[in-house]
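Heads up: the structure comes next, in structure tokens.
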Protein chains: 2
Amino acid sequence: MNSLDGGPLYKGVQRVLMEQLASGALKPGQLIPSERQLATEFNVSIGTLRKAIDDLVEQRILIRQQGKGTFVATHDRERLLFYFFHVVPQKGLKSYPFVESVFFQKSVASDDVANRLGIAVGTPTFHVRNKLSLDGAPVLIDDIHLDQARWPGLTPVQFKERPNTIYNLYQDAFGITVVRTEERLRAEVVDPEHAKLLKLRAGMPVLTIRRTAFDMRNQRVELRISTVNTEKHEYFAELL
Amino acid sequence: MNSLDGGPLYKGVQRVLMEQLASGALKPGQLIPSERQLATEFNVSIGTLRKAIDDLVEQRILIRQQGKGTFVATHDRERLLFYFFHVVPQKGLKSYPFVESVFFQKSVASDDVANRLGIAVGTPTFHVRNKLSLDGAPVLIDDIHLDQARWPGLTPVQFKERPNTIYNLYQDAFGITVVRTEERLRAEVVDPEHAKLLKLRAGMPVLTIRRTAFDMRNQRVELRISTVNTEKHEYFAELL
DNA sequence: AAGTGGTCTAGACCACCAT
DNA sequence: TGGTGGTCTAGACCACTTA
């Protein structure tokens with residue numbers, strides 16, 4: 001009776017749960033009803049209900065904790081470092097970056113930015129630039145591009161005085177959760193502006209990462225172009 | 001009775017299956033017994049048996065086909081292109097690379113190679129260099145390093161006249177299946193030898209990918225250093 | 001002790017594939 | 001038609017957390 005059907009039963013349950021998550025009816029950090037409760041609510045067996053949740057847990061949208069319950073995932077520092085930050089030292093252990101704001105300005109979408117965000121060229125955007133340091137030295141420049149229409153009233157203060165990660169800010173202030181990203185990497189000659197910030201000589205190679213982030217409804221919500229000095233660091237990925 | 005226990009029952013079943021796969025008792029391409037059969041053999045319920053297989057299917061070690069059965073995965077061209085080849089055109093569709101052999105020689109492990117393969121410096125190795133072209137132009141140089149002890153009797157002929165992928169050769173000729181890789185990427189100035197092969201000017205930036213491949217027993221079996229011209233192509237990764 | 005997720009059972013029925 | 005994997009049920013019991 002709970003509306004959505006068509007395919008398998010557990011997929012229907014999954015869609016309903018996903019919609020509640022995407023709409024904000026279930027908020028990040030919140031404890032969701034127990035499996036037994038949900039099973040009776042949806043009028044399915046506990047096995048089917050668990051199967052519906054399994055996928056969401058695998059996508060790290062929900063987090064199961066034995067004895068406590070199932071929670072809606074949040075974007076904490078740890079999650080960022082583990083799943084969304086792929087620059088590591090060539091030697092030594094991964095660590096949290098130290099972030100400094102370079103600027104926050106209004107802009108309009110260039111050809112490249114428009115294409116990657118799926119908006120029209122010339123659409124008003126925010127352009128945020130941050131400098132990230134690892135082990136005391138600048139290693140990475142982030143150029144973040146956002147559609148103004150999707151982030152009404154976003155201010156530099158929010159960006160600069162945030163205690164947590166940027167994805168956490170998106171989640172807290174706008175109810176938008178990044179669940180998936182696509183990254184495209186190239187080797188390029190460093191741009192003069194970036195060279196200065198990274199304290200790199202002109203003409204040196206840098207790694208550029210163009211990352212498109214998607215929310216729970218699979219909409220593009222952010223384009224981030226990272227420029228990385230890979231003299232002492234590198235990009236790491238584990239692939240199946 | 002089937003030996004291995006300790007944790008959950010389905011993990012035990014999984015370990016036994018995994019051992020049969022790693023030892024070659026179950027070979028790539030082969031149809032494994034049906035779930036009902038395995039369930040009675042292991043003396044577990046069908047649900048538990050399925051749960052044991054679920055993980056292996058997710059790791060793409062087994063492939064389920066409704067109505068037909070469950071098969072041991074093979075390294076065909078499609079799998080390679082989809083899961084182990086991440087260089088795509090900046091514009092247009094992904095395509096199969098055209099591979100040419102540059103050389104096949106015996107060598108000894110350098111510092112870097114030894115570290116990444118987990119062997120001692122100076123250990124005898126094979127060093128294979130291939131040139132890969134996309135859309136008619138050379139884009140990528142692969143430098144493959146293998147521990148001679150792990151690949152006894154490997155010949156250039158096998159490498160050059162192989163109809164399929166290199167991972168397929170490993171599987172057919174040595175019974176070694178690559179199931180997981182780690183990749184580390186940097187931007188570097190192109191090396192003169194590589195520049196010539198890629199028809200790149202000296203001093204241009206290239207993307208280097210250091211990939212370590214692991215088999216089913218989680219042993220390091222191959223180091224592949226790819227040097228990529230990213231003027232018209234790029235490295236693509238989708239991340240959760 | 002009560003509530004949660006994690007494991008396991010012993011089936012039934014469906015969808016798909018080969019013959 | 002018979003065999004396969006895919007879905008679903010209605011429980012039971014275990015491991016863990018909190019009070």
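Every chain is numbered from 1, with letters handed out A, B, ... down the list of sequences.
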### Task
Rounded off to whole Å, could you give me the CG-to-P distance for the A:Asp54 and D:dG6 pair?
15 Å

### Task
Round to the nearest Å and state the distance from A:Asn43 atom CG to D:dT9 atom C1'.
12 Å

### Query
Quick one: on DNA chain D, does B:Gln65 or A:Lys11 contact a more 5' nucleotide (nearest heavy atom)?
B:Gln65

### Query
Which heavy atom of A:Gly24 sits nearest a heavy atom of A:Lys27, and at what distance?
O-NZ, 3.2 Å

### Non-neighbouring partners of A:Thr177 that pass side chain to side chain donor-acceptor pair (under 3.5 Å), sequence neighbours left out
A:Gln171

### Query
Is any side-chain nitrogen or oxygen of B:Tyr10 closer than 4.0 Å to OP1 or OP2 of C:dC8?
no

### Task
Start with the C-alpha distance between B:Tyr235 and B:Glu183, add both sets of side-chain angles, then the distance that settles side-chain contact (heavy atoms from CB on, under 4.5 Å), and finish with yes or no.
CA-CA 11 Å; B:Tyr235 178 95; B:Glu183 302 195 334; 2.5 Å; yes

#### Entry: Inter-residue atom distance A:His86.NE2 - A:Leu185.CG, 0.5 Å rounding
10.0 Å

### Query
Would you say B:Thr48 reaches C:dT9's phosphate, i.e. side-chain N/O to OP1/OP2 under 4.0 Å?
yes

What nitrogen or oxygen pairs link the protein and nucleotides 11-16 of chain D at under 3.5 Å?
unit_1 : atom_1 : unit_2  : atom_2 : d
D:dA15 : N3     : A:Gln66 : NE2    : 3.4

### Query
Expressed in angstrom and rounded to an integer, what is the separation of B:Arg50 atom CZ from C:dA10 atom C1'?
15 Å

### Query
With under 30° as parallel and over 60° as perpendicular, where do the rings of A:Phe174 and A:Trp151 fit, or are they tilted in between?
perpendicular

### Message
It should be established whether B:Lys51 places a side-chain nitrogen or oxygen under 4.0 Å from OP1 or OP2 of nucleotide C:dT7.
### Response
yes

### Query
Going by heavy atoms in the side chains, are A:Tyr10 and A:Val44 under 4.5 Å from each other?
no

### Task
Mind telling me whether B:Phe104 and B:Phe126 have parallel, tilted or perpendicular rings, with 30° and 60° as the class edges?
tilted

### Task
Rounded to the nearest 0.5 Å, what's the gap from CD1 on B:Ile32 to CG on B:Leu56? Could you check?
8.5 Å

### Query
Between A:Leu31 (CG) and C:dG5 (C1'), how many Å, whole number?
11 Å

### Message
As a test of reading the structure: which of C:dC8, D:dG5, D:dC8 is closest to the side chain of A:Ser45, going by heavy atoms?
### Response
D:dC8

### Message
It should be established whether B:Arg64 places a side-chain nitrogen or oxygen under 4.0 Å from OP1 or OP2 of nucleotide D:dT4.
### Response
no

### Nearest-angstrom distance from the residue atom CD1 of B:Ile32 to C1' of D:dT4
12 Å

### Query
In whole angstrom, what separates B:Leu49's CG from C:dT7's P?
16 Å

### Query
Choosing from D:dT4, D:dC8, C:dC8, which nucleotide comes nearest the side chain of B:Gln37?
D:dT4

### Message
Of the options D:dT4, C:dG6, D:dT9, whose atoms approach the side-chain atoms of A:Glu35 most closely?
### Response
C:dG6

#### Entry: Closest to side chain of A:Ser34, choosing from D:dG6, D:dC8, C:dG5
C:dG5

## Note on the structure
Taken to the nearest whole Å, CD1/A:Ile53 to C1'/D:dC8 is 16 Å

## Note on the structure
Assert: residue with more 5' nearest nucleotide on DNA chain C, out of A:Pro33 and B:Val44, is A:Pro33

### Spacing between A:Leu56 atom CG and C:dG5 atom C1', to the nearest angstrom
16 Å

